[in-house]
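One structure is given below, encoded as structure tokens.
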Amino acid sequence: MAAAEAEVPAGFDCAMRHLAVDFARRAQPSITQRQLEGLADALNGAPEARCRNVSAAGWRHAAQRSAPAAPGAAERSVFASPSGDDASAGTISAPLRTIAAAVASARRWGAGVGRTVFLRAGVYREAGAIQLTAADSGLTIAAYAAEEVWISGAKEIFPTWRLFSAKGGKNIWVTDVASSLGPIRGLRVGGRRAVRARYPNSDPETDLNPAGWVSTPTRWLSPRVTHVTDPPVEYVVDAPEWTRQDSTGNEVSYRAGINGSCRHLEPPYGYWCSGRPSRAPDGSLTHRWPSGLVFEGHLPHAPYKDPAGAIVHSCRGGANCWFTWMFEVDAQSVENKTLSWSYGGFQGAEGDDAGGTWYIENVLEELDVANEFFHDSKLGLLYYFHNASSGTPPPPSLTFEAATLKVLLNATGSMREPVVDVTIRRIKRT
């Protein structure tokens, strides 16, 4: 490495280090002068640095920067406001209501032409992801002047709480929620992330594995599908120019499997779909996953009344947590003390017969500490453990938002018609 580093031209090295500071400024507009100076010091102090004059001088915090002037009448601008109307003209005095409508309106000037969608202050709750295409190239979506703008992927809930349980120091309340929300996988309470009822208890905002994970040895149910029960079609490239030697000197050829235990993937093809991948020709790492686990000795509240829909998160088996699986529980055996599933296991490539550390969430019986919630999508009920004395309901001023969108903004282009020069400026996302 030392020889390779010595060959880097000083001019290139310096330019890249200055570019790193500029990138930090653009990627995180709220960065402080002190944080930026710390980055510059780290870049200057790196042993391999060819120059040590990177500076954060002249940078101002976002709150100190002057707001852009209001656009002139001749500019190609569209305005939106949370209090607007999508039937309006999209002017500053008659704004549209949604960002999607404002983007569609800006297309009338054509792609590649400088156009701006100005968003007035407030929270924008779009019905779906804002879709950008090649027709939106050259578009800027920005907060107007110094106003604070948020795009949210959540829908606000207006609960009518009734007490569910005050036993044993609990303070659990329940309310009816609309079925149109779909499964509530994420909930924000007063702007803070609530925790889906789980075991072991943990705050995913602050805790890291193994905190909040079951780490005691667990018995796992064997995979239903493997490369043995459902052999893949093997695809092998063994031409000499495409082979290489691994770290031990063995010749390695490129190979992949089609279908087999990867039949559920899209596409059903990959290196770890092979029954004999070069790295593990015995098939020990071929894609597969356990079909359940034995909960005896691990889940003090099990068996559950209705565990269908519970989610088990598990590290892939082995010595490390290279990735995590997610499994949706669909069956429980009280006699055998097992939870099993048929959906999940596609989150990673390598496979194993067993999982590693794990936890379970989305179970009513595990709703046992403050700031946890459970959504019964079958009955349309939302349960929440309010952090207050037993019998004290959440106050009317406390906001509840159900996270419904996974994607807030999506740009889709192609090599022939790419999406280019789109700028998102001074907008907060939640």
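Please read these numbers as outputs of a predicted model, since none were measured by experiment.
Under the 4.5 Å side-chain criterion, counting only non-hydrogen atoms from C-beta, L367 is in contact with I172. Residues L293 and W358 are in side-chain contact: their nearest non-hydrogen atoms beyond the backbone lie under 4.5 Å apart. Side-chain contact between P277 and L285: absent, with no pair of heavy atoms (C-beta onward) separated by less than 4.5 Å. Residues V312 and M326 have side chains not in contact (no heavy-atom distance under 4.5 Å, counting atoms from C-beta outward).
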Stepwise, does the side chain to side chain donor-acceptor pair (under 3.5 Å) test hold for S81 with S83? CA-CA 5 Å; S81 168; S83 60; 3.0 Å; yes
ring-ring contact (aromatic ring centres under 6.0 Å, His included), that's the test. Do Y199 and Y359 meet it? Break it down for me. CA-CA 6 Å; Y199 183 86; Y359 70 91; over 10 Å; no
Run the ring-ring contact (aromatic ring centres under 6.0 Å, His included) check on F118 and F79 step by step: do they pass? CA-CA 5 Å; F118 282 107; F79 288 82; 5.4 Å; yes
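Scanning both residues, V21 and L39, for their nearest heavy atoms gives CA-CD2, 4.2 Å.
Between Y235 and Y254, the ring planes lie perpendicular to each other; the angle is over 60°, past the 30° to 60° tilted range. Using a 30° and 60° split on the angle between ring planes, F323 and W325 fall in the perpendicular class, above 60°.
Listed by first and then second residue, the side-chain hydrogen bond (donor to acceptor under 3.5 Å, both in side chains) pairs involving residues 129-141 are R107-D136, Q131-N410 (not counting sequence neighbours).
Under a cut-off of 6.0 angstrom, the local environment of CZ in F346 is crowded, with over 12 non-hydrogen atoms contributed by other residues, nucleotides or ligands. Atom CZ of R108 is surrounded by more than 12 heavy atoms from other residues, nucleotides or ligands within 6.0 Å. Heavy atoms from other residues, nucleotides or ligands lying under 6.0 Å from CD of Q347 number more than 12.
Under the 6.0 Å cut-off for aromatic ring centres, W272 and H227 do not qualify, their centroids lying 6.0 Å or more apart. Between F374 and F385, the ring centre distance reaches or exceeds 6.0 Å.
Side-chain atoms of T430 do not come within 3.5 Å of backbone N or O of S152 as any donor-acceptor pair.
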